[in-house]
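Notes follow once the structure below has been shown.
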Amino acid sequence: MQLDIDRLIAEFGGPGPLAEALNIAFPDEPVSRAAIYKWRERGTLPLSQLNKLAQLAASRGHQFNIQSYLAGTQPASITWGEPAMGERLYIFDTTLRDGEQSPGASMTREEKIRVARQLEKLGVDIIEAGFAAASPGDAESIRAIAEVVRESTVCSLARANERDVRAAGEAIRPAAKGRIHTFIATSPIHMEKKLRMSPDEVVAAAVKAVKIAGEYTADIEFSAEDALRSDIDFLARIFGEVIKAGARTINVPDTVGYAVPQLTERFFRELIAKTPGGDSVIWSAHCHDDLGMAVANSLAAVMGGARQVECTINGLGERAGNASLEEIVMAVKTRHDIFGVETRVDATQIVPTSKLVSTVTGYPVQPNKAIVGANAFSHESGIHQDGVLKHRETYEIMSAESVGWATNRLTLGKLSGRNAFKTKLGELGIVLDSEEALNAAFARFKELADKKREIFDEDLHALVSDELIAIEQETYRLTSLKVVSETGETPVANLVMTEAGQERRADAEGDGPVDAVFKAIESLVVTGAELQLYSVNAITQGTDSQGEVTVRLSRDGRVVNGQGADTDILVASAKAYISAANKLMNKNVRVNPQIGETV
């Protein structure tokens with residue numbers, strides 16, 4: 001069917017006003033009035049321009065539905081004003097909770113605060129800051145985040161029992177906007193084999209948990225663990241009861257990544273229709289990526305009526321991970337004509353947030369990852385290169401700048417002063433609590449500026465991570481390292497490090513220079529751990545880039561990641577191994593927490 005282009009253009013005020021509006025909204029991609037006349041003559045317009053019209057309509061508070069402009073349909077009555085409630089999609093970020101359950105991805109309190117500040121800057125609606133009942137450290141981290149985050153809602157997860165819910169309530173008490181997210185399993189296999197509870201007992205536990213949560217906050221979310229494998233009539237029953245008890249958000253998780261998109265959309269539509277009070281709450285989707293369909297299932301849920309999506313930066317999470325925040329946000333933004341919803345996410349902060357989370361957790365982003373991968377906007381094919389050079393939209397549906405790829409350049413240099421350095425850290429969401437920490441970080445910055453011609457935001461994140469890790473959990477610290485490696489000769493590492501302030505030395509040979517370094521360190525710290533991962537990534541571009549090394553150690557079921565960064569890759573490797581050893585040897589550091597039940 002053909003579009004009624006005349007009607008579409010007329011409702012935007014005609015060719016002249018439409019061209020002006022598009023050029024204001026998209027100044028880097030101007031559209032002439034003549035081009036709009038050509039659309040009208042041909043009766044068609046490019047898909048990229050259709051997406052821009054959808055964004056333009058949304059910016060004016062109008063729900064844009066391309067179906068209403070098909071030739072032969074009745075003209076739609078357009079009211080320019082506030083968006084309808086159904087157009088708002090809430091972004092619930094669980095990087096600090098579900099994402100942290102990735103092996104070795106546990107974060108320190110300071111690292112969690114840094115990530116939370118950046119998530120707030122990104123514009124996520126809800127930050128799930130942790131699982132308060134998991135440990136005193138988790139509860140303290142949630143409380144600390146609640147004290148500093150003002151714009152986003154701060155949430156704590158809790159099982160449907162009084163102890164968990166009250167721990168969550170106390171943890172979010174300082175928050176400007178706080179939420180308790182309580183859950184219980186509802187699938188037959190979970191109720192019978194794990195909970196060993198009858199359906200009636202599960203309903204009673206859920207209702208009780210929601211009522212207790214109401215003593216702390218009116219913002220209560222309830223999740224039915226393994227919902228997509230649950231009986232839909234039982235879900236409608238339990239959801240109806242928790243809605244009566246005070247739940248305002250209802251989450252339908254695909255806990256084991258079993259769902260497929262077509263059935264997910266149908267499931268949400270039927271469930272919302274069947275649930276008593278279903279039209280009075282926000283419905284949410286929480287999808288795992290075991291079959292590689294977490295994002296597709298989340299978007300299908302949106303089509304089925306969900307207006308909250310639970311996701312993580314870089315798709316981080318246990319097993320195969322969670323739905324990727326950046327992919328969901330850019331999908332609904334780029335294809336507004338299909339989804340008809342808006343988020344309040346500042347897309348230009350997506351790449352900086354991705355890089356911060358990667359640095360803090362030690363989980364690198366693969367180059368071909370959508371939106372945030374290094375190759376996401378690269379074109380190797382000659383045909384593609386030619387098309388992009390002539391007109392970007394021939395092979396790109398969004399610009400690299402729109403998601404933050406052009407915003408990582410730091411203008412500071414080796415002549416920059418301490419105040420400028422502190423100000424830049426503040427812009428990146430990095431707040432150092434003491435003058436000692438600031439002075440140490442500034443000294444490291446000066447050293448780095450002497451080695452590198454250009455400094456980037458990622459360099460600062462890595463630099464500060466080194467300092468914060470050292471201050472918070474340091475037992476061992478690298479003092480100096482000398483490695484001799486020659487073709488045909490066995491590499492030798494000469495290492496000096498401090499242990500609780502006392503200098504210790506070690507020499508070791510290895511199969512390679514890195515192996516020699518690790519053996520020298522191990523001879524002093526004696527962790528007895530298994531090396532599970534050794535990964536090297538360039539933090540930025542150029543031969544003078546810092547190398548960022550991740551080391552994963554495992555011992556007696558404890559898994560930790562250590563990170564180190566330096567322009568010398570061997571020094572970075574030593575720092576990473578020592579960082580992991582500090583975590584492994586420090587019994588107070590919570591690593592890879594597992595409660596045994598997750599949404």
Side-chain angles (χ1 to χ4, degrees), residues 102-111 135 137 359-363 437 440 444 462-485 490-537 546-593:
S102 301
S106 292
M107 297 171 241
T108 66
R109 185 173 72 97
E110 282 71 17
E111 287 170 338
S135 71
T359 297
V360 166
T361 62
Y363 271 72
R444 288 281 309 281
L463 181 153
V464 173
S465 289
D466 270 358
E467 288 303 317
L468 290 179
I469 289 171
I471 291 169
E472 180 172 279
Q473 57 198 39
E474 179 182 83
T475 301
Y476 306 102
R477 181 164 187 153
L478 179 67
T479 301
S480 67
L481 176 66
K482 177 182 178 182
V483 181
V484 178
S485 181
T490 301
V492 178
N494 309 117
L495 180 83
V496 180
M497 56 189 291
T498 58
E499 178 181 356
Q502 299 298 312
E503 190 173 279
R504 301 185 63 188
R505 297 173 179 271
D507 299 328
E509 295 182 345
D511 293 333
V514 173
D515 185 49
V517 170
F518 286 178
K519 284 179 176 176
I521 296 170
E522 186 63 27
S523 71
L524 296 178
V525 303
V526 195
T527 65
E530 176 188 356
L531 177 64
Q532 290 192 336
L533 174 73
Y534 173 74
S535 172
V536 182
N537 291 280
Q546 288 193 94
E548 183 178 54
V549 175
T550 299
V551 167
R552 184 175 301 157
L553 299 180
S554 173
R555 187 188 68 186
D556 300 330
R558 288 165 57 88
V559 179
V560 297
N561 280 352
Q563 289 86 44
D566 199 275
T567 52
D568 184 327
I569 212 66
L570 293 176
V571 173
S573 299
K575 288 179 178 179
Y577 197 100
I578 292 170
S579 170
N582 276 320
K583 291 179 181 179
L584 200 59
M585 305 298 279
N586 186 347
K587 300 297 183 182
N588 295 320
V589 176
R590 184 177 62 87
V591 292
N592 197 30

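These numbers were taken from a predicted model, which means no experiment stands behind them.
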With the side chain counted from C-beta on, respond yes when Thr359 and Glu548 share a heavy-atom pair under 4.5 Å apart, and no when they do not.
-> yes
If you round to the nearest 0.5 Å, how far is OG1 of Thr479 from CE of Met497?
-> 8.0 Å
If you measure from CD on Glu522 to CG on Leu553, what distance do you get to the nearest 0.5 Å?
-> 8.0 Å
Under 3.5 Å, side chain of Asp507 to main-chain N/O of Val492, donor-acceptor pair present?
-> no
Identify the heavy atoms of Gly564 and Ala576 that sit nearest to each other, and give their distance.
-> N-CB, 3.6 Å
Find out whether Asn494 and Leu481 are in side-chain contact, i.e. whether some heavy atom of one side chain is under 4.5 Å from a heavy atom of the other.
-> no
Straight-line distance of Ile578 CD1 to Leu495 CG, nearest 0.5 Å = 6.0 Å
Okay, side chain of Glu499, backbone of Thr475: is any donor-acceptor separation there less than 3.5 Å?
-> no
Closest approach of Lys583 to Arg558 (non-hydrogen atoms, all atoms of both residues) = O-NH2, 3.3 Å
Are any non-hydrogen side-chain atoms of Tyr476 and Leu524 less than 4.5 angstrom apart?
-> no
Val549 pairs by side chain to side chain contact (heavy atoms under 4.5 Å, CB included) with which of Asp566, Val571, Val536?
-> Val536
Shortest non-hydrogen pair, Ala580 vs Asn561, comes out as CB-C, 4.3 Å
Might you confirm whether atom CD of Gln502 has over 12 heavy atoms from other residues, nucleotides or ligands at distances under 6.0 Å?
-> no
How far does CD1 of Ile521 sit from OG1 of Thr527, to the nearest 0.5 angstrom?
-> 10.0 Å
Considering all heavy atoms, the nearest Val484-Lys482 contact | CG2-CE, 4.1 Å
Can you tell me how far OG1 of Thr361 sits from CE of Met107, rounded to the nearest 0.5 angstrom?
-> 6.5 Å
Ignoring hydrogens and angles, tell me if any N or O in the side chain of Ser579 forms a donor-acceptor pair with the backbone of Lys575 under 3.5 Å.
-> no
Parallel, tilted or perpendicular, as decided by the 30° and 60° cut-offs, for the rings of Phe518 and Tyr577 = tilted
Apply the test side-chain contact (heavy atoms from CB on, under 4.5 Å) to residues Val514 and Leu570: give CA-CA distance (whole Å), side-chain angles for both, the deciding distance (0.1 Å), then the verdict.
-> CA-CA 6 Å; Val514 173; Leu570 293 176; 3.7 Å; yes
If you take all heavy atoms of Val559 and Gln532, which pair is closest and at what distance?
-> CG1-OE1, 4.0 Å
When rounded to the nearest 0.5 angstrom, what is the spacing between CD1 in Ile569 and CD in Gln546?
-> 9.5 Å
Minimal heavy-atom distance between Pro491 and Ala516, with the atoms involved, is O-CB, 4.0 Å
